[in-house]
Student: 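Have a look at the structure that comes next, please.
Since this is a predicted model, take the numbers as computed values, not measurements. Protein chains get the first letters and strands the later ones, always in sequence-line order, with residue 1 at the start of each.
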Amino acid sequence: MQTRRRSNFLTDIIDADLAAGKNRGLVVTRFPPEPNGFLHIGHAKSILLNFGLAEQYGGRAHLRFDDTNPTTEETLYVESIQEDVRWLGCDWGKHLYYASDYFEQMYECAVRLIREGKAYVDSQPVEAIRGQRGAFERPGTNSPFRDRSADENLDLFRRMRAGELPDGSCVLRAKIDMAHPNVLLRDPLLYRIRHAHHHRTLDRWCIYPMYDYAHPLEDGFEGVTHSICTLEFESNRAMYDWVLDNLGPWDPRPHQYEFARLALGYTVMSKRKLLQLVAEKRVSGWDDPRLPTIAGLRRRGVTKEAIREFAELIGVAKNNSIVDIGKLEFCIRQDLEGRAPRGMAVLNPLKVVLSNWPQDRVEELEIAWWPAEPEKAGLRGVPFGRELFIEREDFSESPPADWKRLAPGREVRLIGAYVVRCAEVVRGPAGEVRELRCTYDASSKGGEPADKRKIPGTLHWVHAGRSAEVEARLYDRLFRVGLPDAEGDFLQHMNPESLVVMKARVEPALAEAAPGTRWQFLRQGYFFVDPVDSRPGAPVFNRVIGLRDTWAKATEQLERKPEKKKPEPKPAAPKKGRAEARAEVRAGNPELASRYARYQSELTLSADEADLLTGDLATAEFFDAAVSRHGNAKLVARWLLNDLLGLAKKGLEGLPLRGEDFGRFVALLDSGRIAPAAGKTLLARLVEQGGDPQRLVNELGLGKVADGAALAEAVGRVLDSHAAEVARYRAGEKKLLGVFIGAVMKEMQGVADAAAVRKALADRLG
RNA sequence: UGGGGCGUCGUCUAACGGCAGGACGUCAGACUUUGGAUCUGAUUAUCAAGGUUCGAAUCCUUGCGCCCCAGCCA
């Protein structure tokens with residue numbers, strides 16, 4: 001079942017790392033919860049991702065509590081988290097860690113930073129520090145304490161640790177750059193003072209490291225290779241790298257990658273809101289079956305297999321997405337479909353009296369737990385007699401046209417029993433339907449009438465006297481709207497019918513159902529015997545999910561809306577695109593401006609090309625150098641702009657390839673000695689390792705094959721091996737030509753001229 | 001607004017320059033002793049515009065839209 005190979009952008013990265021021989025082939029991941037709440041299904045996605053990746057690559061996954069903030073964290077959560085991770089089937093082996101176990105090492109690292117002049121103690125209050133941070137578009141200002149001597153900093157930091165300084169009096173900050181465009185790098189806080197009791201280190205510490213400082217160190221100490229977190233930490237990656245770069249060496253050197261966390265419709269997932277629901281007793285606890293917590297899902301009766309299936313189904317990517325909760329429900333149904341025996345329960349009973357059934361006769365019918373596969377779990381006895389209950393909704397006095405259930409004068413089959421016909425409706429004083437008088441067809445024992453007439457409907461039922469009354473809790477979505485936190489107070493969107501407690505009547509066998517077992521109530525849904533509130537002989541049934549999605553049709557289109565109103569955007573804020581930036585640079589640089597003009601007039605480049613080449617001096621110099629080597633400026637510009645720029649992600653300066661080399665490369669192309677396709681391969685190689693283009697051509701065997709016979713042969717081979725596609729092509733699927741071209745190019749190891757290949761193919765295919 | 005990310009069926013996700021695929025949902029049909037399940041079929045997508053290329057969802061450019069970042073939280 002688990003054989004499907006997981007593949008996503010993270011496995012791509014790991015595959016590439018492994019291929020490049022990084023980390024000695026090690027894959028180490030971690031799940032790092034802060035013990036300040038219960039885990040929810042979003043965490044399950046992350047847990048399964050991290051442990052799954054480790055398993056897939058033969059590595060290991062750690063469970064690490066990120067307990068660096070003593071004021072919010074508790075042992076209760078440490079325990080529940082371990083229980084939940086274990087329940088999901090994830091095994092951390094001996095790799096259970098706590099950030100707090102590293103406090104001493106982290107302290108040593110901080111001392112090192114101070115000694116090296118990379119950190120300082122700031123004695124300003126919070127407000128001052130916040131004020132100096134600047135704004136997104138405005139640089140911050142340096143703290144007056146930024147240039148304290150290492151000795152002074154060391155002394156202060158020691159006193160911070162010794163408890164000589166009160167909370168808030170000072171902090172340790174990294175000395176990076178108060179004007180950094182990423183505000184997270186404007187001298188971020190490393191340590192703060194907190195005279196608080198920690199759940200593990202008790203009162204040994206009164207300074208605690210901040211996340212941005214602690215997390216990379218934890219990963220580094222543990223030898224984590226791939227540190228996977230959610231998208232909102234993207235900006236933090238720069239600090240993650242700063243810490244590791246300044247405190248190495250590390251082996252392996254961890255790297256952080258981000259994926260989109262799970263958002264689900266019709267529920268809330270933030271810790272704050274879940275906590276609020278629990279604290280205000282709007283639900284029964286962290287394990288309330290309506291909550292998306294792992295504990296809640298488990299209490300509801302969802303299995304870990306269903307959750308795993310769900311995680312598999314939704315995949316892992318970087319798109320900010322909202323998953324339709326219907327997908328979770330689909331996985332739950334699919335899972336339970338295969339594991340829940342079918343029994344009968346009537347939630348809302350309507351009495352049926354069989355007038356032609358002997359007064360005291362009770363017949364013990366043998367009915368299979370699995371109607372479709374009777375051998376699967378055998379039979380159980382179900383009593384049948386004169387007085388029965390059916391579902392009130394299964395009777396209608398004025399049924400719609402396609403009604404298949406019971407109605408006056410109509411026939412239905414009672415599952416595993418007999419066909420009955422409604423003869424009379426007995427009413428109460430207010431005219432309400434009180435009971436039904438029916439007749440049964442004695443020839444239909446088991447459900448099939450002797451004359452084989454077609455019976456349109458089939459109902460579930462229980463014996464009136466021999467059924468037991470039990471509590472059934474019908475759970476539904478906690479919120480009525482797709483995005484409860486989209487606007488206003490999420491509490492106002494709570495579904496008042498998310499829990500309906502009923503007295504149901506169940507067949508005798510179900511009255512004995514053991515806690516923790518799962519059943520399908522025929523035609524109703526899947527039920528789980530509550531492990532907490534059930535008593536021997538008095539099971540409490542939690543409805544896990546209905547048989548069919550009654551919400552699907554009503555489900556609204558979910559569109560993310562801002563939770564809080566954004567501050568009004570400033571009117572007429574001038575937008576500066578990259579094009580504008582280039583124009584500005586030129587305006588202030590006559591040298592570039594004149595090249596811009598010259599490229600167009602002398603070299604006959606387009607205005608766009610000239611513009612892109614003269615946005616900065618380095619690019620223009622590179623271009624000129626290339627052109628001095630090879631005069632076909634148009635070709636140089638094209639390859640530079642369309643291909644080189646895409647390959648050189650970090651800019652032209654960092655390339656092992658100089659402008660002259662690039663000019664030689666273009667000359668090679670222009671000479672017709674290598675095909676454009678081969679040119680791309682060659683350029684990629686040059687960008688990677690530099691070197692002489694001509695020599696590389698020889699090394700890589702990229703020289704163009706002018707030999708028409710070789711081409712014809714390759715074309716022949718490809719057409720032979722693609723017979724089916726050729727037939728489709730001849731039948732009109734012209735788009736397949738591309739497939740043939742690609743195949744021929746591959747056949748000729750990329751050295752062919754695609755235009756010639758196309759022509760050859762066209763000739764052969766007619 | 002500075003920085004960082006992301007735009008593929010209604011939803012989630014593949015395709016790594018070569019046939020836009022799968023799943024959920026929806027619709028239709030078949031089957032059915034669950035109006036369930038199952039089976040069959042259908043439906044629908046590359047944000048936009050230019051460019052490079054024999055060929056672009058994929059590379060380049062521009063534009064548009066959405067998300068994240070200014071806690072002594074993580």
Student: Side chain of A:A317, heavy atoms from C-beta onward: which of B:U13, B:C72, B:G35 has the nearest atom to it?
Tutor: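 Between B:U13, B:C72, B:G35, the one nearest the side chain of A:A317 would be B:U13.
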Student: Hey, is the side chain of A:R578 poking within less than 4.0 Å of OP1 or OP2 on B:U62, counting only N and O atoms?
Tutor: yes
Student: Rounded to whole Å, how long is the line connecting atom CZ of A:R543 with atom P of B:G36?
Tutor: 17 Å
Student: What does A:V316 touch in the nucleic acid at a heavy-atom separation under 4.0 angstrom: a base, only the sugar-phosphate, or nothing?
Tutor: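 Sugar-phosphate contact only.
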Student: Atom CD of A:Q520 to atom C1' of B:U34: distance rounded to whole Å?
Tutor: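 After rounding, the reported distance stands at 7 Å.
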Student: Picking from B:C19, B:U34, B:G35, which would you name as closest to the side chain of A:R405?
Tutor: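 The nucleotide sitting nearest to the side chain is B:G35.
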Student: Quantified in whole Å, what is the P atom distance between nucleotide B:G3 and nucleotide B:G17?
Tutor: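 Per the computed distance, 29 Å lies between those P atoms.
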Student: Quantified in whole Å, what is the C1' atom distance between nucleotide B:A56 and nucleotide B:C19?
Tutor: 15 Å
Student: For the side chain of A:R192, counting heavy atoms from C-beta on, which of B:C67, B:C54, B:C73 is nearest?
Tutor: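 Selected nucleotide: B:C73.
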Student: Roughly how far apart, to the nearest Å, are B:U46 and B:C59 at atom C1'?
Tutor: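 Comparing C1' positions in B:U46 and B:C59 gives a spacing of 16 Å.
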Student: Any salt bridge between A:E411 and A:R453, counting N to O under 4.0 Å?
Tutor: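 A salt bridge is present here (some side-chain N lies under 4.0 Å from a carboxylate O).
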Student: From the set B:G35, B:G18, B:C19, return the single nucleotide nearest to any side-chain atom of A:I741.
Tutor: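 Between B:G35, B:G18, B:C19, the one nearest the side chain of A:I741 would be B:G18.
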Student: Output one line per pair: protein atom, nucleotide atom from nucleotides 37-42 of chain B, and distance, for all N/O pairs under 3.5 Å.
Tutor:
unit_1	atom_1	unit_2	atom_2	d
B:A37	O2'	A:E337	OE2	2.7

Student: Under 6.0 Å from the ring centre and within 45 degrees of the ring axis: does the NZ or CZ of A:K734 meet both conditions for the six-membered ring of A:Y729?
Tutor: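 Judged by the rule, A:K734 and A:Y729 form a cation-pi pair.
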Student: From B:U61, B:C68, B:C72, pick the nucleotide closest to the side chain of A:V126?
Tutor: B:C72
Student: For a quick test of reading the model: is some side-chain N or O of A:K735 closer than 4.0 Å to OP1 or OP2 of B:G55?
Tutor: no
Student: Any donor-acceptor pair under 3.5 Å linking the side chain of A:H195 with the backbone of A:L165?
Tutor: yes
Student: Name the closest nucleotide to the A:R133 side chain, picking from B:A70, B:C19, B:C6.
Tutor: B:A70
Student: Ignoring hydrogens and angles, tell me if any N or O in the side chain of A:R173 forms a donor-acceptor pair with the backbone of A:D187 under 3.5 Å.
Tutor: yes
Student: How about A:F145 and A:Y120: are their ring centroids closer than 6.0 Å?
Tutor: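 Ring centres of A:Y120 and A:F145 not closer than 6.0 Å.
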Student: Between A:Y240 and A:F233, is there a donor-acceptor pair closer than 3.5 Å when you use the side chain of the first and the backbone of the second?
Tutor: no
Student: Testing the 3.5 Å rule here: is there a donor-acceptor pair between the side chains of A:H460 and A:Q524?
Tutor: yes
Student: Check the pair A:M239, A:L185 against side chain to side chain contact (heavy atoms under 4.5 Å, CB included), reporting the backbone distance first and the verdict last.
Tutor: CA-CA 6 Å; A:M239 183 56 186; A:L185 256 31; 3.8 Å; yes
Student: Using atom P of each nucleotide, how far apart are B:C60 and B:G18 to the nearest Å?
Tutor: 16 Å
Student: On a whole-Å scale, what distance lies between the C1' atoms belonging to B:U11 and B:G25?
Tutor: 7 Å
Student: Out of B:C69, B:U11, B:A20, which nucleotide sits closest to the side chain of A:F136?
Tutor: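 The answer is B:C69, which lies nearest to the side chain.
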Student: Taking a pair as Watson-Crick or G-U wobble with both distances under 3.5 Å, which nucleotide is matched to B:G50?
Tutor: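 Partner of B:G50: B:C60.
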Student: Does B:A37 pair with anything, Watson-Crick or G-U wobble, both distances under 3.5 Å, and if so, with which nucleotide?
Tutor: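 With both distances under 3.5 Å required, B:A37 matches none.
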Student: Aromatic rings A:F384 and A:W461: how do their planes relate, parallel, tilted or perpendicular, breaks at 30° and 60°?
Tutor: perpendicular
Student: Would you please indicate yes or no on a ring centroid separation below 6.0 angstrom for A:Y191 and A:F157?
Tutor: yes
Student: Counting only Watson-Crick or G-U wobble pairs whose two distances fall under 3.5 Å, which nucleotide matches B:U26?
Tutor: B:A42
Student: Provide the Watson-Crick or G-U wobble partner of B:U32, both distances under 3.5 Å; none if there is no partner.
Tutor: none
Student: Is it the case that the side chain of A:E218 and the backbone of A:A99 share a donor-acceptor pair, with hydrogens and angles ignored and the cut-off at 3.5 Å?
Tutor: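 Judged by distance alone, no pair lies under 3.5 Å.
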Student: Sticking with atom C1', work out how far B:U13 lies from B:A57, rounded to a whole angstrom.
Tutor: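 Approximately 14 Å lies between the C1' atom of B:U13 and that of B:A57.
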Student: Tell me which nucleotide, if any, is Watson-Crick or G-U wobble paired with B:A15 when both distances must be under 3.5 Å.
Tutor: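 Check on B:A15: unpaired, no WC or wobble geometry under 3.5 Å.
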Student: Counting only Watson-Crick or G-U wobble pairs whose two distances fall under 3.5 Å, which nucleotide matches B:C9?
Tutor: none
Student: C1' atom, B:U58 versus B:A23: distance in rounded Å?
Tutor: 23 Å
Student: Taking only Lys NZ, Arg NE, NH1 and NH2, and the carboxylate oxygens of Asp or Glu, determine whether A:E309 and A:K327 approach each other closer than 4.0 Å.
Tutor: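 No, A:E309 and A:K327 are not salt-bridged.
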Student: Look at A:R261 and B:G5 and indicate whether a side-chain polar atom (N or O) is within less than 4.0 Å of OP1 or OP2.
Tutor: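 For A:R261, the contact criterion (side-chain N or O under 4.0 Å from OP1 or OP2 of B:G5) is not met.
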Student: Measuring only the C1' atom in each nucleotide, how far is B:A48 from B:G65? A whole number of Å is fine.
Tutor: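 About 11 Å, rounded to a whole number of Å.
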Student: Is the shortest side-chain N/O distance from A:S321 to OP1 or OP2 of B:U11 below 4.0 Å?
Tutor: no
Student: Detail all sub-3.5 Å separations between protein N/O atoms and N/O atoms belonging to nucleotides 44-51 of chain B.
Tutor:
unit_1	atom_1	unit_2	atom_2	d
B:G51	N2	A:N642	OD1	3.2

Student: Can a donor-acceptor pair be found between the side chains of A:R582 and A:T614 at a distance below 3.5 Å?
Tutor: no
Student: Taking the nucleotide of RNA chain B with the closest heavy atom to each, which residue, A:P456 or A:P32, is nearer the 5' end?
Tutor: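 The answer here is A:P456.
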Student: Given B:U13, is OP1 or OP2 found less than 4.0 Å from the side-chain N or O atoms of A:N319?
Tutor: yes
Student: Between B:C19, B:A74, B:C72, which nucleotide has the shortest distance from any of its atoms to the side chain of A:E34?
Tutor: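 When the side chain of A:E34 is considered, B:A74 is the closest of B:C19, B:A74, B:C72.
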Student: Look at the side chain of A:E725 against the base of B:C19 and say whether a donor-acceptor pair falls under 3.5 Å; ignore hydrogens and angles.
Tutor: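 Between B:C19 and A:E725, which were checked side chain against base, a qualifying N/O pair under 3.5 Å is present.
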Student: Answer with base, sugar-phosphate or nothing: what part of the nucleic acid does A:R173 contact at a heavy-atom distance below 4.0 Å?
Tutor: nothing
Student: Base, sugar-phosphate, or nothing: which does A:F233 touch, judged by heavy atoms less than 4.0 Å apart?
Tutor: base
Student: Between B:U62, B:C72, B:C68, which one does the side chain of A:M210 approach most closely?
Tutor: B:C72
Student: Just call it for A:L184: base, sugar-phosphate, or nothing, with non-hydrogen atoms closer than 4.0 Å on any strand.
Tutor: sugar-phosphate
Student: Which is true for A:Q124 with a 4.0 Å heavy-atom rule: it touches a base, it touches only sugar-phosphate, or it touches nothing?
Tutor: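 Base: the residue A:Q124, judged by heavy atoms under 4.0 Å, touches a nucleobase.
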Student: If you assign A:E448 and A:N69 each to the RNA chain B nucleotide with the nearest heavy atom, which residue ends up on the more 5' nucleotide?
Tutor: A:E448
Student: Measure up the A:F740 and A:H722 rings against each other and bin them: parallel (under 30°), tilted (30 to 60°), perpendicular (over 60°).
Tutor: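 Answer is perpendicular, since the angle exceeds 60°.
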Student: As a test of the definition: with a 90° window around 0 for syn, would you call B:G71 syn or anti?
Tutor: syn
Student: Categorize A:D402 for me: base, sugar-phosphate, or nothing, with a 4.0 angstrom heavy-atom threshold over every strand shown.
Tutor: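 Base contact.
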Student: State which of B:A56, B:C19, B:G35 makes the closest approach to the side chain of A:K680.
Tutor: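 Taking heavy atoms from C-beta onward, the closest nucleotide is B:A56.
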Student: Check whether any side-chain nitrogen or oxygen of A:T72 sits under 4.0 Å from OP1 or OP2 of B:A74, and answer yes or no.
Tutor: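 Looking at the OP1 and OP2 atoms of B:A74, neither is under 4.0 Å from any side-chain N or O of A:T72.
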